[in-house]
Amino acid sequence: MSDSFWIIKFIDSNLTKHTNLPDLPACFQLSVLPWTPCIYLWLASPFYILYLKRNNRGYIMMSILNRIKTVLGLILWIVCWTDLFSSFHEMSQNQSKPPIYFITPLIVGMTMLLATFLIQYERLKGVQSSGVLFIFWTISVLCAIVPFRSKIVYQNGVEDKLRFTTFYIYFGLTLIQLILSCFNEKPPLFSSVVTDPNACPEITAGFLSKMTFWWFTSMAIKGYKSPLENKDLWSLNKQDSSELVVPNLLNEWEVEKSKAQRYKFKQKMKIFISFHNHCHTGSIKKVEVLLSKRREVRQPSFLRALLRAFGPYFLIGSAFKLLQDLITFVNPQLLRLLIDFTKQPNAPLWWGYSLAFLMFGTSLLQTLILHQHFQYCFVTGMRLRSGIIGAIYRKALAITNEAKRSSTVGEVVNLMSVDAQRFMDLTTFLNMLWSAPLQIILALFFLWQNLGPSVLAGVALMVLLIPFNAFIAMKTRTYQVEQMKHKDDRIKLMNEILNGIKVLKLYAWEVSFKEKILQIRQKELTVLRKTAYLSALSTMAWTSAPFMVALTTFAVYVTVDEENVLDAEKAFVSLSLFNILRFPLNMLPQVISSIVQASVSLKRIQDFLSHDELNPESVDRRNNASGNGAELLKKTRHAETIKLDSSFCSRVINVMVPQGSLLAVVGHVGCGKTSLVSALLGEMEKQEGQISIRGSVAYVPQQAWIQNATLRDNILFGRPYVEQRYRCVLEACALTPDLEVLPGGDQTEIGEKGINLSGGQRQRVSLARALYSEADVYLLDDPLSAVDAHVAKHIFDKVIGPEGALKGKTRILVTHGISFLPQVDNILVMVDGRVSEMGSYQDLLKQNGAFAEFLRNYSLEDIIEDDEFGCPISLCVSLLFCCRQISIMSNDLENPKKMSRRRRCSERKHPESPTEKKEPKLEKLIQAETAETGRVKFKVYWDYAKAVGPFLSLFICFLYGCQSAASIGANFWLSEWTNDAQHNRTQDQVSMRVGVYAALGISQGVLVMFSSFTLALGKIQAARKLHQTLLDNKFHTPQSFFDTTPIGRIINRFSKDIYVIDEVLPSTILMFLGTFFASLSTMIVIICSTPIFALVIGPLALIYFFVQRFYVATSRQLKRLESVSRSPIYSHFSETITGTSVIRAYGRNAAFVLMSDMKVDENQKSYYPGIVSNRWLGVRIELIGNCIVLFAALLAVIGKDKLSPGLVGLSVSYALQVTMSLNWMVRMTSDLESNIVAVERVKEYSETQTEAPWIVTDKQPPPDWPPKGNVEFADYSVRYREGLDLVLRNISLKVEGGEKIGIVGRTGAGKSSMTLCLFRLLEAADGEIVIDEVKISEIGLHDLRSKLTIIPQEPVLFSGTLRMNLDPFEKYSDEEVWKALELSHLKRFVSNQTSKLDLECSEGGENLSVGQRQLVCLARALLRKTRILVLDEATAAVDLETDDLIQSTIRTQFEDCTVFTIAHRLNTIMDYTRVLVLDKGQIAEFDTPTNLMAQKGIFYGMAKDAGLA
C-alpha cells in the first residue's frame, strides 16, 4: 500500500457517515485510536508523579489486587511487543509493512510499562484509588471498541491470525484493568483512618465515589431516618484542621513581615546615603523631597500570604473550571448537528443515536467537573476561614494594650465573623473573574459564526442592561443601609421597652410606646416597599433579558438582508448560546462587588495583624526552682518608665520586694497602682530599665474575669484537680457557703461574664484561682473592694495576711482598705505615677507625709467597726434591702453599691431565683430544638398565606402560571416561524412573525413585573400583620411571662425572625415559584413535542422526590448544627479578649489557642458535610436533568419523520436548561423550609396568654375617681404564678383617704407584692381590693393604673428627651412640667443644660446619676398627682441627702393623698399615721409607730437593729 492510499483511506465519508453500517478506516483504527490514551498518559504522568512526590500518604502493603494489576500490566506490555516483533519477523520475511505497524505497538507497549510503574509508585505513596489510571483505562477501552466491532462485523476470513488474537487479548485485559481500577486498595499503614473511630469516608473513597460524592450517601440516609446529632458527624480531615492550616498561613505571614522589615531597612540606608551626599552638595531642599517620597512604608501584604498558603490547592479547582467552560460549548454544537440530522430524510439512524448519547455524555462530564470545581473552591474557602480566625485569635492574645484600645471587642469579633466569612464567600466566585470573560468571548464567537454581525444588536442590549442592573443595585444598597438604621432603632427601643416593661405597666404608658414602635416600623416598611419595587424591576430585566436579546437579534437578522432565512438550526442554537451568556453577564457585577467588599475586609484584617505585640522579654522571669533563699531581691526594678496610653505615664520607679514579704500599694484613684501591677506582668511598654521576677506569677485583676465554664473549671484553670487542696482553697476564699446555694454546687455552669454570680462571688472565685495555682509571686489588684467588710476580713486573715494561706510567698496587694495596713510588711505610697514613700506602717505614720494625709482623708469615710455585730453599721442600715436579693444568691451580704448595679439586671423575683436564673440556659437550648426538628407543618404555610391574603396568594400563583404560558407560547411561535424556511413561505410573513413573537415576549415581561409587584405588596402586608400581632400580644402579656422568659428570646423574635419574614422569606418564595414554573414548562414543552416522554417522567420524578427528601432532611439538620456550633467560637473569643492579661499572667496562651482551634474545628465539622451535601445533591439532580436531555434527544431521533426541525430544537433546547432549575428548586425548597420556621416562631409568641383588657367600656369609673382615696383589702390572697404558693394570705385592712401607711417586714414577707396587687400586676387568687367603692378587679387596667402613682425602687428611664420621660402622652403644659421639676429639685440641673427639657437621655438614663434618675421619677409622680401614691423606697441608689429631699417633697406635696411606703430606713416612717408589719404574707402588726414601739414586737426589734430604739 502506498502512502497516498493511506491518506485517502484515512478520510472516507462514504465509509463512515452515509451508510447504515458505519466503520472507521483501518489506518485511523491503527493510529489515532491507540495513540489517544497513550498521549494522555504521557502528558499527565510528569505532573502526577510530581504531585505524588509532594503528597506522600504512607505505604500500602502489597495486596492480591495490586499483584493482579501489575501482572496484567506486564502481560499487556508483552502482548504489544509480540505485535512489534512479529512485524520485524515479517520484515525479515521480505513482507513490507507500513511504518504504522512498528510505531503503534512500540508506543502502546511503552505506555503499558509506564502504567505498570504508576501502579507500583502509587502503592508506595499510599494512593488507594487512582483517578489518572482510571481515566487512562477508560479511554483505552473506548478507543478499542471501534476496532473490536469492525473486526466482528467484517469477519469474512481473517488473514492475520496473530494480530487478530493479540488484539482480543489486549481488549480483554484493558477491560479487566478498567474493572479492577474501580476497586480500592487497603488504607496505608499508620494512617488516621485506622486510628480514628469516626473517620470521614472520603479519605478511603475510590475515584468514582469521589467524583460522584457517593461516599456521602451514608450520612444522607442517616439524616433522613432521624435528625442528625453531633455524634453522627465525621471527624474533620487532617488537612482541613486548624492544626495544619493556621501554622501554614502564619508561616507565610511571617515571611511577608520579614520581607517588609528588610525593605524598610534598605530604604533607611538609601535615605541615609543620599542624605550624606546631598549634605555635601548643600541641597537640603532635594533631601526633603526625597524624604517625603520615601514616607510610604511598604506594608507586609496579607494577600500574598493567603495566596501562597491556599493558592496551589485553589488552582486545581480553577483547572476544573476551565475544562467545564470549554465543555459547555459542545452541547450547542451537538444541538446544531441534531437539528441538521432531522432535516435530512435519509440520514442513518445510528448517527442520531450517537448524537443523543454524546449530548448525555458531555452533560454528564460537565456535571462531574463542575462539582469538583465547587468542591475545591468551598474547601479552600473553609480553610481560609479557619486560617484567618486562627491568625486573629493568636494575634489578639499578643497585642499591646494600646493596640487593643484602638479596636473594640465587637470590631475584632467582626473581623472573625463578618470579614472571614466574606473571604469564604468570595472563593466560590473568584474563578468567575477570568471564566466569565472567557465564556462571553466564546459564546460571541459561536454566535457570530451562526448569525453574523446581527449578533451585535443582541449583545448591545445585554451591555445596556448592565448599567441598569448596576443602578438598581446601588439604589438597593442605599435603601438597605437606611433600612438597617430603622431596624436598629426599632430593636434598641424594643430592648428598652422589654427591660422596663414593668414600669410601662405601672404607669399605663404602653400605648404611647407602642405608637413609637409602630412609627419606626412604618418607616421601615416604606423603605422595604421601595426595595421591593426595585427588585421587581430587576427581576423583570433578568427574566426578559434573554428573550429581548433573542428578539432583537432575530429581528435584525431577518430584516437586514432578504437572503437571511431564520431556520431551526440557527434559531435554537443561538438561543442555547444566549442562555449560556446570561450567567456570566449576571455574575460579573456580583463578583466585582464581592471583590470590593473582600478588599475592604483584607485591609482591616491586615491592619489588625500588623499591630504591635507585647515584648515577652520585657520582664525577666528567671525561675529559681532550687529555692535559693539567699537571693533576697525578689523583684528589682531600676529606673523603669512605663508607658501607658499617651496621656499617662508611671514615672521612674525603683522598687524591691524581698522574697516572701507582703507589700501593700496605696494611693488615690488614678495614681498608677494598677499600672504598676500591669508593668510587673509585662503588659506595659517599657521605656528603659529592667524588671525581674523570680518564679511563676498569679494575678487577681480589679475586675474579676470569669469564664463561661463550671465553677470548678474557673478555679482549677487548667491545673489538675487535687481534692484536698481544692477544699482548702474554697474554705479560705469563703466560697463553701456559696456552693450550697448554687443549684449544681461547684459543677454549676457560670454564664458569660459570670452573670449568675454576684460581684463579690466573682472576685472570690478569681482569688481562689490564684490561690489554687500555687505560684511564687502574687499580684493582687484590689481584690477586697467587691466583697463586703466581714468577708474581706475573713479573706485577709485566711489568704493574704501574715497568717494566711499565702504566707512565705511574695505578695503585692493594691488596696483601699485601711484596716489591713498595720498588718502588712511594707507599704508603698504612689502619687501621680511615682513612688512618694515606702516603708512599714509605723515608719510612714512618723514621717507624716503623703501617707499620713491619705489616712486622715480616708478614716472619715472608713467604716467604724461595731463590736456587737462584728460588721459595719452602714451595712446594718441597708441590711433589709440587701437581704431580699442576696439571701437567695449568696450567703454573705455583698456591698450595697455593687448591689444596685446587680439589681437592675435581675428583675425582682421572689425566692425561686437561683433556679430561675439557671434555667434560661437549659431551657433555651431545648426550645431551639423543639422549634425546628422534623418537617414544617402545613399550618405554618397557611398562616403565612393568610397573612399575605388568601386571594392575593392565589393571584400571585396565577400570574406566575400566565407568565410561563406566555414564554412557552413565544417559543412555540419561534419553532413555527423556523419551519417556514422549509416550505419557502418566507418574506411575506416576516413582519407578522416578528410582531407576534415580540407581543408574546413583551407580555411575558409585563406579567413578570406584575407578579413581582403583587408579591411585593403581599410580602409587606404579611410583614406588617405578623409584626403587629406580635407587638400587640407582647404589650398585653402579663408581667409573669417577662419574669420567666429571658429577654434575649423575645428580642430574637423581633429582630432575627421579623428580618427573615421581611426580607429573606419573600425572595425565597420568589425564587421557588420561578424555578417551579420553569421546570414545569420544560416538561410541558417536551411532552407536547414528543408525547411518549410522559412515560419517562414518572420514574424520574420519583427519583427526584427521593433525592430531594434525603437532602432536605440532612442539610436542614446540618445547617442547624453548624449555627449552634458557630456562636461558641465568637463568645469564647470575646471572653478571651477581655481576659488576655489573666491568661498571659498564668501562661495559659497555648491552652486557649488550642481551645479556640477546637471550637473552630467543631464548627467546620458540621460545615464540611453541609458543603458536600450540596455537591451530592447537585450531581444527582443534574443526572436526572441529563437523563431528560437524553430522552428528549432520543425521542426526537425516533420520531424524526413526524417532527419538524423547529420542534426538535425547541424540546432539546428546553431540556438543556432544565438541570439548573431542578437544582435550584431543591435548594429553594430546603431554604423555604428553614425560613418559614420564622413565621412559626413569631406566631408562637403572638399567641401567648394575655392580661385583662386595658379598658372595659361598660365599667369605666367616673373621671374624678378616686375622690377620697380610701383603700380596702378584703380577705385578699395572691400568688405570683399558677402552681406557686400564696405570697399574701387573707389580708384584710382599711385605709382612710389621706392616711400615710408605712409597710415593713423582713425579706420575702410580701411587701412589694402588696403594691403590685394595687396595680393588678398580680391578679387576686382570692378576695378583692376596693378603692372608693369601686372593685378594682372589674375595671380596665389602664383606668386603674392611670389613677395611681408609684415611685419605683429602681428608677427606669427610656432613651428620648427628658420631656418624653416625664410626660409621654404630652398631656401637660411646659409650665406644669417646670413646676414639677422645681419641686423635685431638678430645675437647676435642667435649666443649666443647653437643650433644657429636650435634654436627651441615653439608654436607661445612663447620662444622669442614679440620684437624678430617682428625682425624675419623683417629678413624674408630681405631674400625675393622683389621690393614691405608692413609694417603693429606693435605698441603695440614693445618697442620704437626696433621700431627705424626696421625703420632704412628699410630705408637703402629697399632704392630702393616701401614701403607701415600703420602708427600708425606718426613720423615714416614724412620723406616719400607721405602720403595717408583714410577716410571711400575713399581717403581723398594724398600728401607729408609737404603739408598736410600746408593744415591743417585731417592729420594735427592727427599730432596735437600726439603732432607733
Side-chain angles (χ1 to χ4, degrees), residues 242 245-261 263-264 296-310 381-427 594-616 643-646 682-685 1126-1127 1129-1141 1143-1144 1149-1150 1152-1153 1155-1157 1159-1160 1163:
S242 302
V245 174
V246 185
N248 183 9
L249 177 61
L250 286 178
N251 293 342
E252 297 297 353
W253 175 236
E254 285 307 318
V255 171
E256 272 305 311
K257 282 205 293 199
S258 57
K259 267 191 200 161
Q261 284 317 139
Y263 182 78
K264 233 186 247 174
E296 304 97 42
V297 188
R298 176 174 155 189
Q299 283 280 337
S301 152
F302 187 56
L303 181 65
R304 268 204 218 87
L306 286 177
L307 286 178
R308 276 214 300 279
F310 305 112
M382 189 172 112
R383 291 182 186 174
L384 256 179
R385 177 165 169 252
S386 288
I388 290 176
I389 290 181
I392 291 173
Y393 188 87
R394 287 160 172 74
K395 183 74 184 181
L397 275 177
I399 55 176
T400 59
N401 285 329
E402 198 172 351
K404 198 153 130 192
R405 263 187 226 97
S406 66
S407 42
T408 62
V409 177
E411 279 170 11
V412 185
V413 172
N414 263 352
L415 284 181
M416 268 185 154
S417 53
V418 183
D419 296 329
Q421 191 66 41
R422 272 189 190 155
F423 269 101
M424 198 157 153
D425 297 341
L426 180 66
T427 48
S594 258
I595 286 180
V596 171
Q597 285 183 347
S599 66
V600 174
S601 298
L602 180 77
K603 176 140 185 19
R604 288 174 42 172
I605 294 175
Q606 189 167 302
D607 290 346
F608 181 76
L609 291 178
S610 308
H611 277 323
D612 294 338
E613 296 189 11
L614 287 174
N615 175 13
K643 177 166 172 288
L644 157 69
D645 226 315
S646 44
E683 299 271 317
M684 297 262 163
E685 217 171 304
R1126 190 186 305 145
S1127 37
I1129 301 178
Y1130 306 138
S1131 50
H1132 171 75
F1133 180 61
S1134 48
E1135 198 172 78
T1136 309
I1137 290 189
T1138 45
T1140 38
S1141 47
I1143 296 170
R1144 286 196 286 244
N1149 300 30
F1152 271 77
V1153 165
M1155 258 156 76
S1156 170
D1157 281 356
K1159 286 183 162 56
V1160 174
N1163 176 241

| message | Consider side-chain hydrogen bond (donor to acceptor under 3.5 Å, both in side chains). Of N1163, T427, D419, which one does R385 pass it with? | response |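 Answer after filtering N1163, T427, D419: N1163.
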
| Picking from Q606, Q421, R422, what satisfies side-chain hydrogen bond (donor to acceptor under 3.5 Å, both in side chains) with S601? |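 Testing each of Q606, Q421, R422 against S601, the sole residue satisfying side-chain hydrogen bond (donor to acceptor under 3.5 Å, both in side chains) is R422.
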
All salt bridge (Lys or Arg N to Asp or Glu O under 4.0 Å) counterparts of [X], not counting sequence neighbours:
| X | answer |
| --- | --- |
| K1159 | none |
| D425 | none |
| R383 | D240 |
| R304 | E256 |

| field | Those residues that, when tested against T400, pass side chain to side chain donor-acceptor pair (under 3.5 Å) (two or more places apart) | value |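 If we apply the side chain to side chain donor-acceptor pair (under 3.5 Å) test to T400, skipping adjacent residues, there are no hits.
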
Provide the closest heavy-atom pair for [X] versus [Y] in the form atom of the first, atom of the second, distance.
| X | Y | answer |
| --- | --- | --- |
| A396 | T1140 | O-CG2, 3.6 Å |
| I388 | A420 | CG2-CB, 4.1 Å |
| S594 | L426 | CB-CD1, 3.7 Å |
| S386 | V245 | CB-CG1, 4.4 Å |
| I392 | L415 | CD1-CB, 3.8 Å |
| V1153 | Y393 | CA-CE2, 3.6 Å |

Working to the nearest 0.5 Å, report the span between [atom1] of [X] and [atom2] of [Y].
| X | Y | atom1 | atom2 | result |
| --- | --- | --- | --- | --- |
| E254 | Q261 | CD | CD | 10.0 Å |
| M416 | I389 | CE | CD1 | 5.5 Å |
| R604 | L602 | CZ | CG | 11.5 Å |
| F310 | N248 | CZ | CG | 6.5 Å |
| L306 | I605 | CG | CD1 | 8.0 Å |
| I1129 | M1155 | CD1 | CE | 13.0 Å |

| query | Under a 4.5 Å cut-off applied to non-hydrogen side-chain atoms, are Y263 and P300 in contact? | reply |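 In short, these two side chains do not touch, never coming nearer than 4.5 Å.
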
| Would you call F1133 and V412 a side-chain contact if the rule is heavy atoms closer than 4.5 Å? |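 Yes, side chains in contact.
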
| query | Between L249 and F302, is a side chain to side chain contact (heavy atoms under 4.5 Å, CB included) present by the stated rule, with each step listed? | reply | CA-CA 9 Å; L249 177 61; F302 187 56; 4.1 Å; yes

| request: Using atom types as modelled and distance alone, determine if a side-chain donor or acceptor of R1144 lies under 3.5 Å from a backbone N or O of L397. | output: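 Present.
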
| request: Report yes or no: does S1156 contribute a side-chain atom to a donor-acceptor pair with the main-chain N or O of F1152 at less than 3.5 Å? | output: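 No; zero donor-acceptor contacts below 3.5 Å.
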
| message | Are more than 12 heavy atoms, taken from residues, nucleotides or ligands other than K603, located less than 6.0 Å from that residue's NZ atom? | response |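 Atom NZ in K603 is not packed in, count stays at 12 or less.
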
| task | Please name all residues satisfying side chain to side chain contact (heavy atoms under 4.5 Å, CB included) with E613, sequence neighbours left out, ordered by chain then number. | result |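 For E613 the side chain to side chain contact (heavy atoms under 4.5 Å, CB included) partners, ignoring immediate neighbours, are K257, K395, A398.
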
| query | Salt bridge between R394 and D1157, side-chain N to carboxylate O under 4.0 Å? | reply |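 Yes.
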
